[in-house]
Novice: 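Just dropping this structure here.
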2 protein chains.
Amino acid sequence: MATKRAQMMEENRARLIAAARKAFADQGYAAASMDELTAQAGLTRGALYHNFGDKRGLLAAVVNQIDAEMAARAQAVGARAGDGWQALLAEGAAYIEMALEPEVQRIVLLDGPAVLGDPSRWASQNSCLEVTQHTVERLIAEGVLKPVDPEAAARLINGAALNAALWVAASDEPRDVLAKAIDAFRALATGLLAKPV
Amino acid sequence: MATKRAQMMEENRARLIAAARKAFADQGYAAASMDELTAQAGLTRGALYHNFGDKRGLLAAVVNQIDAEMAARAQAVGARAGDGWQALLAEGAAYIEMALEPEVQRIVLLDGPAVLGDPSRWASQNSCLEVTQHTVERLIAEGVLKPVDPEAAARLINGAALNAALWVAASDEPRDVLAKAIDAFRALATGLLAKPV
DNA sequence: ACTAGAAACATACGCGACGTATGTCAATTC
DNA sequence: GAATTGACATACGTCGCGTATGTTTCTAGT
C-alpha cells in the first residue's frame, strides 16, 4: 500500500479541494468560511492549514485543478477540429463556453486574479494559456499566421475570449449574446492570419 | 453658497474617495482597513457608512471615478488621431498603457470585477467600454469595419487590451513586452477591417 | 516486537475588521 | 430664536482568519 499515511493525506486533500470548489463557486472566495468548508469535508481547519498553508493556498490548489481541466478540454476540442486554424477558433469558442460555467467564472476569472495576482505569475502558469500558445506557435511556423509574438497573441486571444464570456454570462439572453460574441471573436482572430480571406 | 451643508458633505465624500483610492491601490481592497482609511481622510467610519453604505459602495464610487478619468483620456487620445481607424488603434494602445498604472490595475481590473461583479453590470456602466463602442459603431457605419455587433467588438477589444496590460505589468521587462503586446493588438484589430490590408 | 519519533490533524485562543446602534452637534427652516 | 433634521462620531457585537498547543496514529529503527 506504500504508506497508508500518504494515501489518507491525498484523500483528505482531494476532499478539501472539492469542498472548496463548491464553497468558492457558490459564495465567492471572500465570503466562504473555512470552518464551514472544512466541516463540509468532514475535517477541521487544522487539516487545511497543515495541507495548504492558508486560505490563498487552498484557492491556488483549486484554481490549478480547474485550470488543468479546462486546458484538457480545450485541447480535446482543438484536436477534434480539422486544420490548425480551425483548431484555434474552436479552442477560443470552447474557452468562451467554459467561462459560462459559474465555477470557472467566479473562481478562475474573478477571484483568482484578484487574490493570486496576474495568472501569468501563477505557479502552474495557466495551462490554458500554454495550450493556446502552442497552437499559435505551430500556426506561425506553418506560415498560417503573421509572425507575431506567440505569447502576446495567446494572451490577447484568451483575454478577449474570457472577457466575452463574462459579458455573455451577465446578459439576460445568453444564447443571442453568445452567438454575437463568437462571431466577433472569429472576426478578430482573422486579423492574425497571414493571408486574410 | 447654496447650503454650506451639502458643500461640506461633497468635500468629505471627495476626501474619502481620495483616501480609498490610495488605500485600495496600495494594499488591495480586502487588506485595506476602513479605520485607517477614514482616519487618513480625517474622518471616522461613521462618515463612510453614512455616505457609501458599506465597503463595496466605497469601492464602487472609486471605480466610477477612475473609470471616468480613463474614458476621458482615451477619448482625448482618439480625437487626436487622424481617421477613425487610427483612433481605434490609438484608444486600444491607450488602454493598455493606462492599465499599467498600479491604481488602475489593482482597483479596476482585479478587485473591481471580483467584488462588484462583471463590469457590464456596474451602475455607471463602464465609460471606457462606451467610448470604444461608439468608435466601433461609427466605423461600421462608415464601412471601415465588418458589420459585427458593436458591443461584442468593443468588449473583445477592451478585454484583449486590458488582459495584455496585466501581462505587461507582471513581466520583468515591461518595455519589450509592451511593444509585443501593442503589436499583437494591432494585428488582431485588423481582423475587424472590412477590407484587410 | 517494542519503543521512539514524527507527522497529520483537532482544539483553543487572540487579534482585527466589518457593520450597526446609539449619541451628539451643527446647520437649516419656520 | 427654537426645533428639527441630518451628517458624523463613538461604542459594541459578531465573525473569521491565523497560530499555538495538544493528541493520536503511522512509520522506522533496533
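By convention in this document, chain letters (A, B, ...) are assigned in the order of the sequence lines, proteins followed by strands, and residues within each chain are numbered from 1.
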Novice: Once you round it to whole Å, what is the distance between P of dG19(C) and NZ of K55(B)?
Specialist: 8 Å
Novice: Roughly how many Å is it from CE in M8(B) to P in dT28(C), rounded to a whole number?
Specialist: 11 Å
Novice: Is the shortest side-chain N/O distance from N12(B) to OP1 or OP2 of dC8(D) below 4.0 Å?
Specialist: yes
Novice: Would you say a side-chain N or O of N51(B) is under 4.0 Å from OP1 or OP2 of dA7(D)?
Specialist: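 No.
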Novice: Do side-chain atoms of K55(A) reach the backbone of Y29(A) as a donor and acceptor pair under 3.5 angstrom?
Specialist: yes
Novice: May I ask you to decide whether K146(A) forms a salt bridge with D183(B), counting only side-chain N to carboxylate O separations under 4.0 Å?
Specialist: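 Salt bridge flag = no for D183(B) with K146(A).
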Novice: Please list, chain by chain and in numerical order, all residues satisfying side chain to side chain contact (heavy atoms under 4.5 Å, CB included) with A32(A), sequence neighbours excluded.
Specialist: A23(A), F24(A), Q27(A)
Novice: Pairs under 3.5 angstrom, nitrogen or oxygen only, protein versus nucleotides 23-27 of chain C, please.
Specialist:
residue, atom, partner, partner atom, Å
dA27(C), O4', R5(B), NH1, 3.0

Novice: So does R21(A) pair up with E69(A), basic N to acidic O under 4.0 Å?
Specialist: yes
Novice: Round to a whole Å and report the spacing from CG of L58(A) to P of dC17(D).
Specialist: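 Distance, rounded to whole Å: 11 Å.
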Novice: Check the distance between dA7(D)'s C1' and E11(B)'s CD and give it to me in whole angstrom.
Specialist: 14 Å
Novice: Counting only non-hydrogen atoms, which of residues 26-49 of chain B are less than 4.0 Å from DNA chain C?
Specialist: A32(B), S33(B), M34(B), R45(B), Y49(B)
Novice: Taking CE from M9(A) and P from dA6(C), how many angstroms apart are they, rounded to a whole number?
Specialist: 17 Å
Novice: Using a 6.0 Å cut-off, check whether atom CD of E137(B) has over 12 heavy atoms from anything other than its own residue.
Specialist: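 Buried by this count: over 12 neighbours within 6.0 Å.
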Novice: Please find the pair of heavy atoms, one from A194(B) and one from G143(B), that lie closest to each other, and give the distance.
Specialist: CB-O, 3.5 Å
Novice: Taking all atoms of both residues into account, what is the closest heavy-atom pair of A20(B) and V62(B), and its distance?
Specialist: CB-CG2, 3.7 Å
Novice: Could you check how far CZ of F52(B) sits from P of dT20(C), rounded to whole Å?
Specialist: 16 Å
Novice: Between D26(B) and K22(B), does at least one N-O distance fall below 4.0 Å, as a salt bridge requires?
Specialist: yes
Novice: Spell out, as yes or no, whether a donor-acceptor pair under 3.5 Å connects the side chain of D83(B) to the backbone of Q86(B).
Specialist: yes
Novice: Could you check how far CG of L59(A) sits from P of dC17(D), rounded to whole Å?
Specialist: 13 Å
Novice: Within less than 4.0 Å of OP1 or OP2 of dC8(D), is there a side-chain N or O belonging to H50(B)?
Specialist: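 So the side chain of H50(B) is outside the cut-off, no N or O lying under 4.0 Å from OP1 or OP2 of dC8(D).
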